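The model shown is predicted, which means the values in this text are computed figures rather than measured ones.
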Amino acid sequence: MISKDISRAMGDVPVPAPSVLARSKEALRKLAQATVRKHATRWPPGQASRSIEETLRMLDELEPHKIELAATNARDDDGAPVCRIVLTDNPELKKAEEMLCFHSDILNSLAEGVYLICVSSGEIVFTNSPLDLMFGYSSGELLGKHVSIVNAPGETSPEAVAGLIMAELERTGVWEGEVQNIKRDGTVFWSHAKVTTLNHQRYGQVWVSAHEDITGRKRLEQEREQYFKFFLRSVDAMCIADRNGNLVKLNPAFAKLTGYEDSELMGKSLLDLVLPAGCSQALDEFKRYLGSHEVRNLEGTYVRKDGSARLLSWNACHDKNNGFTYATARDVTELRHTEAEILKAGDRFRTLFDAISDPVLISNMDGLFVLVNPAACESLGYSQEEMLQMGPADINTPEAALKVPERVKEVVEKGKLIFESSHLHKNGLVIPVELSARAIDFEGKPACIVVARDITERKQAEHQLRNIAVTLEEQVIARTSLLRAVSAQLAMTEERERRTLAQDLHDNLSQLLAVIKIKLSSLNPAAFASSIEQIVGLVDQADRSARTITRELSPQILHTLGFIPALVSLAKEKKRMFGLTVNIECDAGPNVLEGGVRAMLYRSVSELLTNIGKHAKVSEAYLASKIDESHLLLIVCDRGCGFNPANYHDTTMEYQGFGLKSIYERVTNIGGDLVIVSSPGDGTTVILSVPYVVATREGQPS
């Protein structure tokens with residue numbers, strides 16, 4: 001401790017408080033000047049300036065690190081007031097702090113990053129500059145942060161990693177290893193860390209962790225490991241020979257290729273393995289070539305340990321810096337055999353390709369032919385040289401050429417396609433063709449092969465068939481019209497015969513029966529009462545039958561009152577015969593329904609109502625007559641037991657019999673239609689449709 005006093009007479013004046021601390025010479029200089037000048041008026045003349053000069057001189061002599069400047073009230077021996085300025089220097093403290101600064105400079109000059117961790121809290125309490133730079137933080141930014149902030153997340157959390165390291169430190173006091181750290185910007189990197197324990201005056205027990213960035217080394221190690229794995233797992237035989245040409249390292253594929261164990265191959269000459277007995281000239285060439293260049297695809301026959309011969313292809317290079325030779329070998333025996341077979345197959349393919357009678361064309365994806373057979377050249381009139389300068393679009397008609405890109409795309413997507421097109425001969429002749437296209441690989445590139453077949457004759461035959469079909473259709477239409485006319489005439493004839501027969505029955509048989517009945521009634525009933533009564537009954541029955549037959553053959557009301565009144569009368573008849581109530585709904589019917597159409601429709605409705613009365617098991621039916629724009633529709637329906645309409649042509653069905661089949665034939669013969677809608681349990685609806693023009697003109701003179 002060094003202490004010097006500066007005492008001057010001051011009188012009773014206030015002085016600065018003791019222990020005023022100044023940390024620099026300049027601050028101390030200003031403080032001393034201010035203090036002395038403040039009290040200079042109380043000092044003897046000339047003392048103030050000398051006190052200042054003496055104070056500055058002492059500061060220059062002491063060069064203090066830490067100085068206390070104190071001013072106190074005092075008196076000299078004579079009792080006069082003085083101002084005492086005390087400068088105190090602590091050299092031990094100065095040395096300690098200088099040593100700390102020296103240590104700090106050392107830490108900041110290290111290549112490793114160093115930080116201190118408080119054991120009790122796990123917080124970082126000190127970092128040197130290299131560590132801040134390594135982790136991307138500014139100076140002091142990591143202080144107070146938990147140590148897990150610098151550990152990268154992985155399979156184990158950063159907190160768990162920090163916990164494992166701390167546990168090892170508590171157990172042994174030292175931890176060393178490689179860890180994945182994370183920078184402030186999120187970049188993950190590898191570092192080698194060594195952590196030790198020490199006691200700190202301020203923080204207590206702390207861990208000192210020194211980190212070295214080993215990202216580059218880890219990358220090299222990973223690359224080396226990948227190369228080594230590639231070396232071990234390669235399907236190609238690999239080996240390394242020293243400067244004397246002796247094997248020093250080989251992979252499992254090399255031993256497998258030669259048939260020897262590793263121990264048998266180590267130390268053997270590489271040159272003896274490359275081209276063994278009988279290849280001295282090639283071996284000399286290999287030696288000479290290897291000295292100045294790399295060996296590429298040098299092939300030779302090698303005899304394996306088991307005596308089998310294999311064709312090997314060698315690649316080798318020599319490193320003049322270390323004298324090592326690196327070589328790889330591949331068994332190409334099967335490859336060369338396959339290539340030979342491919343060449344043979346190619347020859348056979350070309351022979352077959354040229355012999356095909358249909359044009360065959362192979363084009364690439366650029367739209368050019370790469371191969372065409374003679375038949376293609378002949379069919380289109382071009383030479384092979386000309387064809388190989390053309391493409392599919394050049395041999396098609398303009399219309400077909402526009403579709404070529406779309407066709408090619410479709411072939412590529414589907415793999416194959418068959419379609420028709422038109423080729424254009426060199427002389428301008430259009431050739432209809434059927435093309436069978438398929439996507440293939442030709443000489444390692446995608447291509448399209450097309451087989452073309454001339455379909456000129458087929459097109460001509462199709463044209464002839466279409467003409468024949470048109471002619472036949474016209475003939476069928478004519479025959480159908482004729483048949484319908486004949487059918488109409490037959491219906492008319494039938495109707496006339498029915499009317500004639502009905503007239504005869506009415507005019508002859510009915511009158512005769514009436515006369516018989518009158519004469520029988522005039523006889524003496526006393527003698528033949530019972531017999532006459534029985535005969536009269538039979539005559540009445542015969543008369544009713546004759547009337548019924550007459551009505552069914554040609555209902556008189558149908559010819560006198562018209563079609564609709566006849567349907568009303570028919571409904572009353574079915575009510576009498578079957579107890580069937582027929583509800584009728586009729587639009588205004590046609591003014592005239594002539595001939596067979598009128599009688600055919602009447603009998604058809606009668607047959608349908610009879611079927612309902614016999615088989616539908618209902619007491620009510622519906623009859624409607626409708627007229628749309630072109631057809632006369634008669635609709636008969638019930639809500640009875642129904643049936644399967646698919647079977648209405650089956651004559652074995654009792655309730656269908658001859659009726660439905662006969663109705664269908666008669667309606668269709670005049671160009672009409674019969675539609676049946678029914679299913680078991682859901683009733684039945686039958687629709688008779690007749691073209692209105694046919695219904696109204698039938699029977700009229702043409």
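Put simply, CG on L632 and CG on L601 are 6.0 Å apart, with the number rounded to the nearest 0.5 Å. In this structure, OG in S604 is found 9.5 Å from CG in L660, a value given to the nearest 0.5 Å. With rounding to the nearest 0.5 angstrom, the CD1 atom of I342 is 10.5 Å from the NE2 atom of H337. Between atom CD1 of residue I431 and atom OG1 of residue T456 there is a gap of 6.5 Å, rounded to the nearest 0.5 Å. Here CD of E225 is found 8.5 Å from NZ of K218. Values are rounded to the nearest 0.5 Å. Atoms CG and CD, on L343 and E341 in that order, are 9.5 Å from each other to the nearest 0.5 Å.
L311 and D331 get closest at one heavy-atom pair: O-OD1, 3.4 Å. Closest approach of N151 and I182 over heavy atoms only: O-CG2, 3.6 Å. Closest approach of D638 to A616, counting heavy atoms only: OD1-CB, 3.8 Å. When all heavy atoms are compared, the tightest approach of A439 to V411 is N-CG1, 3.6 Å. Nearest approach of S678 to G642, heavy atoms of both residues: OG-CA, 3.4 Å. The shortest non-hydrogen separation linking N297 to S313 is CA-OG, 3.6 Å.
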Worked check of side chain to side chain contact (heavy atoms under 4.5 Å, CB included) between Y382 and V372
CA-CA 11 Å; Y382 295 97; V372 294; over 6 Å; no
Verdict with supporting geometry, N364 and K445, side chain to side chain contact (heavy atoms under 4.5 Å, CB included)
CA-CA 8 Å; N364 57 24; K445 296 181 180 180; over 6 Å; no
Under the side chain to side chain donor-acceptor pair (under 3.5 Å) criterion, do S191 and N181 qualify, and how do the steps go?
CA-CA 7 Å; S191 69; N181 294 124; 2.4 Å; yes
Are F189 and F135 close enough, and set up right, to give a ring pair (Phe, Tyr, Trp, His ring centres under 6.0 Å), and what steps lead you there?
CA-CA 9 Å; F189 68 100; F135 284 87; 5.4 Å; yes
After noting the C-alpha distance and the side-chain angles of I663 and L608, does the key distance pass the side chain to side chain contact (heavy atoms under 4.5 Å, CB included) rule?
CA-CA 9 Å; I663 294 171; L608 293 173; 4.1 Å; yes
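Residues satisfying the salt bridge (Lys or Arg N to Asp or Glu O under 4.0 Å) criterion with D262, sequence neighbours excluded, are absent altogether. For R217, the salt bridge (Lys or Arg N to Asp or Glu O under 4.0 Å) test picks out E178, E221, with sequence neighbours left out. Applying the ring pair (Phe, Tyr, Trp, His ring centres under 6.0 Å) criterion to Y622, with sequence neighbours excluded, gives no partner residue. The salt bridge (Lys or Arg N to Asp or Glu O under 4.0 Å) test applied to D682 returns no partner, not counting sequence neighbours.
Under the 4.5 Å side-chain criterion, counting only non-hydrogen atoms from C-beta, L674 is not in contact with T668. Inter-residue side-chain proximity for V677 and P645 is flagged as unmet; no heavy-atom pair is nearer than 4.5 Å. In this structure, the side chains of L361 and P392 stay at 4.5 Å or more apart for every pair of heavy atoms. With contacts defined as side-chain heavy-atom distances shorter than 4.5 Å, the pair V412/M365 qualifies. I362 is listed as a side-chain neighbour of I440, based on a closest heavy-atom distance under 4.5 Å. A heavy-atom distance below 4.5 Å is not found between the side chains of D394 and F369. Here the side chains of N251 and S234 are in contact, with some heavy-atom distance below 4.5 Å. Side chains of K626 and E585 form a contact here, defined as non-hydrogen atoms less than 4.5 Å apart.
Within the 3.5 Å criterion, the main-chain N or O of L368 finds no donor-acceptor partner in the side chain of D366.
Within a 6.0 Å radius of CD in E473, other residues, nucleotides and ligands contribute 12 heavy atoms or fewer. At most 12 non-hydrogen atoms from other residues, nucleotides or ligands lie less than 6.0 angstrom from CZ of R453. By the 6.0 Å contact criterion, CD on E223 is enclosed, its count of non-hydrogen atoms from other residues, nucleotides or ligands being greater than 12. Annotation for F230: atom CZ does not count as buried by contact number, only 12 or fewer foreign heavy atoms lying within 6.0 Å. Within a 6.0 Å sphere centred on CD of E378, other residues, nucleotides and ligands contribute 12 heavy atoms or fewer.
Under 4.0 Å is where a charged nitrogen must lie from a carboxylate oxygen, and between R304 and D306 at least one such pair does. Ion pairing of E299 with R330 is absent here, as no side-chain N (NZ or NE/NH1/NH2) approaches a carboxylate O to less than 4.0 Å. Checked for salt-bridge contact, R603 and E607 miss the test: no charged N lies under 4.0 Å from a carboxylate O.
Listed by first and then second residue, the side-chain hydrogen bond (donor to acceptor under 3.5 Å, both in side chains) pairs involving residues 397-411 are E410-K414 (not counting sequence neighbours).
A tilted orientation is assigned to the rings of Y326 and F324, their planes being inclined by 30° to 60°.
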What side-chain donor-acceptor pairs closer than 3.5 Å can you find for residues 417-429, not counting sequence neighbours?
from: E420; atom 1: OE1; to: K459; atom 2: NZ; distance (Å): 2.8
from: E420; atom 1: OE2; to: R458; atom 2: NH2; distance (Å): 3.0
from: S421; atom 1: OG; to: N396; atom 2: OD1; distance (Å): 3.0
from: H425; atom 1: ND1; to: N427; atom 2: N; distance (Å): 3.0
from: H425; atom 1: ND1; to: N427; atom 2: OD1; distance (Å): 2.9
from: H425; atom 1: ND1; to: N427; atom 2: ND2; distance (Å): 3.3
from: K426; atom 1: NZ; to: E386; atom 2: OE2; distance (Å): 3.3
from: N427; atom 1: OD1; to: L429; atom 2: N; distance (Å): 3.0

